[in-house]
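Read through the structure below, which is laid out as structure tokens, and then see the notes.
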There are 2 protein chains.
Amino acid sequence: MRPLTHPALGDVTVEGILHALADPVRVAIYARIAAAECALMCSEFLKLDARDIPKSTLSQHFKVLREAGLIRSERRGVELRNTTRCEEIESRFPGLLKSVLNAHRVQLAERAAAAGAA
Amino acid sequence: MRPLTHPALGDVTVEGILHALADPVRVAIYARIAAAECALMCSEFLKLDARDIPKSTLSQHFKVLREAGLIRSERRGVELRNTTRCEEIESRFPGLLKSVLNAHRVQLAERAAAAGAA
DNA sequence: GCCAATAGTTCGTAAGTTCGGAACTAAGGA
DNA sequence: TCCTTAGTTCCGAACTTACGAACTATTGGC
């Protein structure tokens, strides 16, 4: 197992961020980590919106988020403690994460409303 | 040749937008269309930042932008006139496109500065 | 009207990416 | 030491992407 790698802020790219957040599972994960008060472990997400995510897939999703520079993961014993790097990214790309998360929230609300109406 | 299809605003997704803009060629195209005063044709982009983009690849990129709901393409004779749908998208996902384009601009500026310093 | 030119699209294939199951590693108990 | 828990790696199948060649549609010249 190779050690966890996190890009320096200067190596974070807009493309990497957008690619990472262009996946429904990954935005959902990221949104929840961003909203949480404390660090969350990967296994928190094995069930996501009533859907089962296989462990290997989840591990890849975390890797993508980490390598995009969106989250920081620290090993704590057996677990990983995941937190966002949003302040850092905010300093370089102001407003970006806020508006992506907001758009994601808008879309969730619309879908919930549509499902409720049906 | 099937007719050009544009999704209704309600069918535009955040994932689709982010996926479309997660490609350097496509953001560059989108940024230029968004900044232009008038509609631009596809062939404007056969040379992009001193790089040649093959016609078939370009056509696919435009298709992705169109189907993500980011641009509107109208046939005018042999050509396509491409314009952005940014006001529409702004009404649904406020701030999203602005901050993505801004982040893209920041990154370009940084790269230009780094290239200048080297 | 016919031919050539121009602007984009489609098709097919090669290269790359993503998903997920099975087998793995690493740390912490019992 | 062995078991359990948390996550990673490997690898094949399914999917996506890039781009050349062949195509379609529209216009202008004759």
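Just so it is clear, the values below take in all heavy atoms, side chains as well, and ignore hydrogens, waters and symmetry mates. Fair warning: this is a prediction, and the values are worked out from it, not measured in the lab. Just so it is clear: chains get the letters A, B, ... in the order the sequence lines come, proteins before strands, and each one is counted from 1.
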[X] has an atom [atom1]; how far is it from atom [atom2] of [N], in whole Å?
| X | N | atom1 | atom2 | result |
| --- | --- | --- | --- | --- |
| Leu46(B) | dA18(D) | CG | P | 16 Å |
| Leu4(B) | dT24(D) | CG | P | 18 Å |
| Lys63(B) | dC11(C) | NZ | C1' | 12 Å |
| Glu79(A) | dT5(D) | CD | P | 12 Å |
| Asp52(B) | dC19(D) | CG | P | 11 Å |
| Phe45(A) | dT5(D) | CZ | C1' | 18 Å |
| Leu48(B) | dC19(D) | CG | P | 13 Å |
| Glu15(A) | dT17(D) | CD | C1' | 16 Å |

Considering the options Ile29(A), Leu46(A), Val25(A), which one meets the side chain to side chain contact (heavy atoms under 4.5 Å, CB included) requirement together with Ile53(A)? Val25(A)
What closest approach, in Å, do Ala68(A) and Pro7(A) show between heavy atoms, and which atom pair accounts for it? C-CG, 4.3 Å
For the student: nearest non-hydrogen atoms of Glu15(A) and Pro24(B), plus distance: CG-CD, 4.0 Å
For dA7(C) and Ser59(B) - does any side-chain N or O of the residue sit under 4.0 Å from the phosphate oxygens OP1/OP2? no
With a cut-off of less than 4.0 Å, is there a side-chain N or O of Arg66(B) near OP1 or OP2 of dT9(C)? yes
Mind listing the side-chain donor-acceptor pairs of residues 55-65 of chain B below 3.5 Å, one per line with the distance, residues two or more places apart or on another chain?
residue	atom	partner	partner atom	Å
His61(B)	ND1	Arg26(B)	NH1	3.2

In B/S/- notation, 5' to 3', how is nucleotides 17-30 of chain C contacted by protein heavy atoms closer than 4.0 Å? -SSBBB--BBBS--
Could you give the distance from CG (Asp23(A)) to OH (Tyr30(A)), rounded to the nearest 0.5 Å? 15.0 Å
With sequence neighbours left out, the residues meeting side chain to side chain donor-acceptor pair (under 3.5 Å) with Asp52(B) are Lys47(B)
